[in-house]
Amino acid sequence: MEEQSVERPVGPVTSNESVAVAWRDLREWIALIETNGLLKRIDQPVDADEELAAIAYLATRREGAPALLFETIAGDRSGSRILANMLGSSKERYALAVGLDPTLSIAEMIAATRDLMQRRIKPVLIAKKDARINDVVLRGDEVDLTQFPAPKFWPGDGGRYIGTGDITLTRNPDTGRINVGCYRQMLHGPRRVGLYCSPGKHGLIDREAWWSRGKPCEVVAAYGIDPVLFMLAAQVFGIKESELDVAGGLTGRGVELTEAEYVSLPIPANAELVIEGLLHPGDTEQEGPLGEFTGYYGRERAPQPVIDVKAVHHRRSPILTAALMAKYPSCEIGAYYAIMRSARILDDLDRIGVSGVVGAYAHPAAASGWGLVVVSMQQQYAGHAAQVLALTAQCPAAAYYTKWVIVVDEDVDPTDFNDVLWALSTRCHPAEDLDILRNTWSTGLDPSQYPPELRPYGSKVLINACKSHKHIKQFPQATLLRQSTYEHAAARWSELGFEGPPPKMTAFHKE
Ligand SMILES: Cc1cc2nc3c(=O)[nH]c(=O)nc-3n(C[C@H](O)[C@H](O)[C@H](O)COP(=O)(O)O)c2cc1C
Ligand SMILES: [Mn+2]
């Protein structure tokens, strides 16, 4: 790793090699995580039909489990490998993807991520002959995607999914802007791939814009992709923002693209497996269901558009990225998502201009960070905690899904659930401190409401777990160490026979 990017410059960067991450493609990043002890290779043959996902699930039932590189897929003749749990619950792998020091705390990573996500660097177009993705290029009838291993994850899945840890590029016909989204892709046949975009997603907006002109929608999808493009494809940005420019900002160098064979869209030059194709108006096939990040099967089987694949590019022995959707800590959407969502919630609160906000965390165990947000704050005036609760609940980055919004005082670390549960148990008086918002923005994937048609209408509970402001002067002092005693004990730490440094303390007893 080159450096800690907490020290990186913030804002638009033009000449940036000096602040770029140490890797250039998925393979170099895999080498980096392997050097850091964060990769496990599995060379025994493993069946892509449920067995691979079962092993990935069992291997990830603990936090921080390594990424899994399945090197031999039973029956596969394409020489493909499959990377699962690429990021998962590991904050260290997130850090190594964006060039941060992996030993930073989650709160420090959230702060550094806020800086990194402000940078924008445009993609660069490289010559076809220099693009690693062009090791093998196949067109028309030469294309047979069924030769690649596409996992079936859960017993109730409706098919084999070649695209989960993927990215999809579409272009808007009005603005020319290229969108990058992560949408699941079920394999229907040698040159047919289902593409499911839910309402409001930019891929769907682009597709409808082409179809309303009576024209097919061009699509490029990559099924083996570096972690930063994967992460950003699953983040919500404005319809005018470019995920490609944000990816460049996060890695410190422009994303390398190259010309495609058939479509006018560019293709990612350093991906592992890329398809080009067209979505024709009205061409659909039955798609789904797929086990989801909620830990349940999502939408029922239904007709969805199909990509008519025109060309395939791949590296030799491509490494396909497969994203297992499951309960935490087995879900691919884990540590990185919690960090990025928390960073964006803090950005929103900053933009609104409310004072006293210290930290935020959307814990990944709460349905990949969607279900719950904790904000820590310094109470400065009567009603301040209620204001932060309400603003958090409906700010753009937190409004979707989130059911539990909790505020805690600044001495409580929102990333530490031992601390948060302490605050909930000692500072929150439910009869006084709970409010409910109804008919809020939610998703059909949340199974808690009946009938299912009502699921997009969510509800939220706002929980004030700060010390009661009305009684803040009488509120008992928490048991804290005397600073001089702490410093004395800390100085003797190794002499007393303890390993490593003593725990850091920031708050001390006041006389
Ligand atoms: C592994 C994974 C699978 C996803 N599958 C889908 C999907 O099938 N359909 C969908 O609409 N969104 C899916 N998402 C969520 C989108 O990627 C996310 O909403 C993103 O913002 C979409 O990009 P857009 O905002 O440019 O439309 C998935 C996310 C991840 C991480
Ligand atoms: Mn988008």
Side-chain angles (χ1 to χ4, degrees), residues 53 56 83-88 94 151 153-154 157-159 161-172 175 177-187 193-209 217 219-225 227-247 287-295 297-302 304-305 307 320-326 328 330-341 344 364 367-370 396-397 399-401 441-445 456:
L83 181 69
N85 202 38
M86 173 159 64
L87 295 151
Y94 168 73
F153 292 87
W154 296 101
D157 285 357
Y161 278 84
I162 192 161
T164 49
D166 61 30
I167 65 167
T168 302
L169 276 60
T170 49
R171 192 196 300 275
N172 189 278
T175 63
R177 172 189 170 275
I178 294 174
N179 188 67
V180 187
C182 172
Y183 315 113
R184 74 191 198 199
Q185 301 185 21
M186 187 171 128
L187 189 61
V193 178
L195 177 64
Y196 171 64
C197 295
S198 61
K201 301 296 165 86
H202 295 159
L204 188 149
I205 292 170
D206 291 349
R207 178 186 89 203
E208 294 299 318
C217 174
V219 176
V220 162
Y223 302 135
I225 196 66
V228 165
L229 274 172
F230 168 68
M231 290 190 283
L232 290 178
Q235 289 289 317
V236 184
F237 292 95
I239 194 90
K240 292 184 181 160
E241 287 178 287
S242 163
E243 287 96 355
L244 290 169
D245 296 359
V246 186
E287 196 271 352
L290 175 72
E292 279 288 353
F293 69 95
T294 51
Y297 295 96
R299 261 181 52 263
E300 294 296 308
R301 194 167 180 79
Q304 289 298 332
I307 306 171
L320 313 184
T321 39
L324 176 67
M325 296 290 103
Y328 185 78
S330 294
C331 197
E332 186 62 74
I333 314 176
Y336 86 85
Y337 210 81
I339 291 170
M340 286 185 159
R341 188 167 196 242
R344 303 192 74 187
S368 292
W370 289 108
Y400 182 67
Y401 198 140
W441 184 25
S442 192
T443 166
L445 290 180

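First listed ligand is number 1; within each ligand, the first listed atom is number 1.
In terms of protein heavy-atom proximity, atom 24 (P) of ligand 1 is closest to Tyr183 OH, 3.5 Å. Nearest protein neighbour of atom 16 (C) of ligand 1, counting heavy atoms only, is Cys182 O, 3.3 Å. Shortest contact from atom 18 (C) of ligand 1 to any protein heavy atom: Ala234 O, 3.7 Å. The closest protein non-hydrogen atom to atom 12 (N) of ligand 1 is Lys201 NZ, 3.2 Å. Protein heavy atom nearest atom 9 (N) of ligand 1, with residue, atom name and distance: Tyr196 O, 2.9 Å. Of the protein's heavy atoms, His202 ND1, 3.8 Å lies nearest to atom 25 (O) of ligand 1.
Listed by number with element, the atoms of ligand 1 under 4.0 angstrom from any heavy atom of Gly181 are 23 (O). Set against the non-hydrogen atoms of Ser198, the atoms of ligand 1 under 4.0 Å away are 10 (C), 11 (O). Close approach of ligand 1 to Ile333 (heavy-atom distance below 4.0 Å) involves ligand atoms 30 (C), 31 (C). For ligand 1 and Glu243, the ligand atoms under 4.0 Å from any heavy atom of the residue are 26 (O). Near Arg184, meaning under 4.0 Å from any of its heavy atoms, are these atoms of ligand 1: 5 (N), 6 (C), 7 (C), 8 (O). Within ligand 1, the atoms closer than 4.0 Å to a non-hydrogen atom of Val236 are 21 (O), numbered from 1 in the order shown. Below 4.0 Å from some heavy atom of Gln235 lie the following atoms of ligand 1, by number and element: 21 (O). Heavy-atom proximity to Ala233, at under 4.0 Å, picks out these atoms of ligand 1: 17 (O), 20 (C), 22 (C), 23 (O).
For the residue pair Thr321 / Glu332, no side-chain donor-acceptor distance below 3.5 Å is found, with atom types taken as modelled.
In terms of distance to the Mn ion (ligand 2), the nearest N, O or S atom of His202 is named ND1. Glu243 contributes OE2 as its N, O or S atom closest to the Mn ion (ligand 2).
Proximity of Met186 to Tyr196: side-chain heavy atoms (C-beta onward) are nowhere separated by under 4.5 Å. Contact annotation: the side chain of Leu229 never approaches that of Glu243 to less than 4.5 Å [non-hydrogen atoms, C-beta and beyond].
Judged by distance alone, the side chain of Arg177 and the main-chain N or O of Glu241 form a donor-acceptor pair under 3.5 Å. Side chain of Ser368 to main chain of Ile333: a donor-acceptor pair is present (N/O by atom type, distance under 3.5 Å, no hydrogens or angles). Judged purely by atom type and a 3.5 angstrom limit, Arg207 has no side-chain atom pairing as donor or acceptor with the backbone of Cys197.
Between Trp370 and Tyr400, the two ring planes are perpendicular [angle over 60°; tilted spans 30° to 60°].
Checked against a 3.5 angstrom limit, the closest N/O atoms of Thr164 and ligand 1 fall outside it. The shortest N or O to N or O distance between Phe230 and ligand 1 is not below 3.5 Å.
Residues Cys182 and Phe230 approach most closely at SG-CE1, 4.0 Å, considering heavy atoms. In terms of heavy-atom proximity, Pro396 sits nearest to Trp441 at O-CZ3, 4.3 Å.
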side-chain contact (heavy atoms from CB on, under 4.5 Å) evaluation trace for Tyr337 with Met231: CA-CA 8 Å; Tyr337 210 81; Met231 290 190 283; over 6 Å; no
Applying side-chain contact (heavy atoms from CB on, under 4.5 Å) to Tyr401 and Thr294, what does each step give before you reach the verdict? CA-CA 11 Å; Tyr401 198 140; Thr294 51; 4.0 Å; yes
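Residue contact annotation: Gln185 has no non-hydrogen atom under 4.0 Å from ligand 1. At least one heavy atom of Val180 sits less than 4.0 Å from an atom of ligand 1.
With respect to Leu169, the side-chain contact (heavy atoms from CB on, under 4.5 Å) criterion is satisfied by exactly one of Asp206, Asn179, Ile178, Val219: Ile178.
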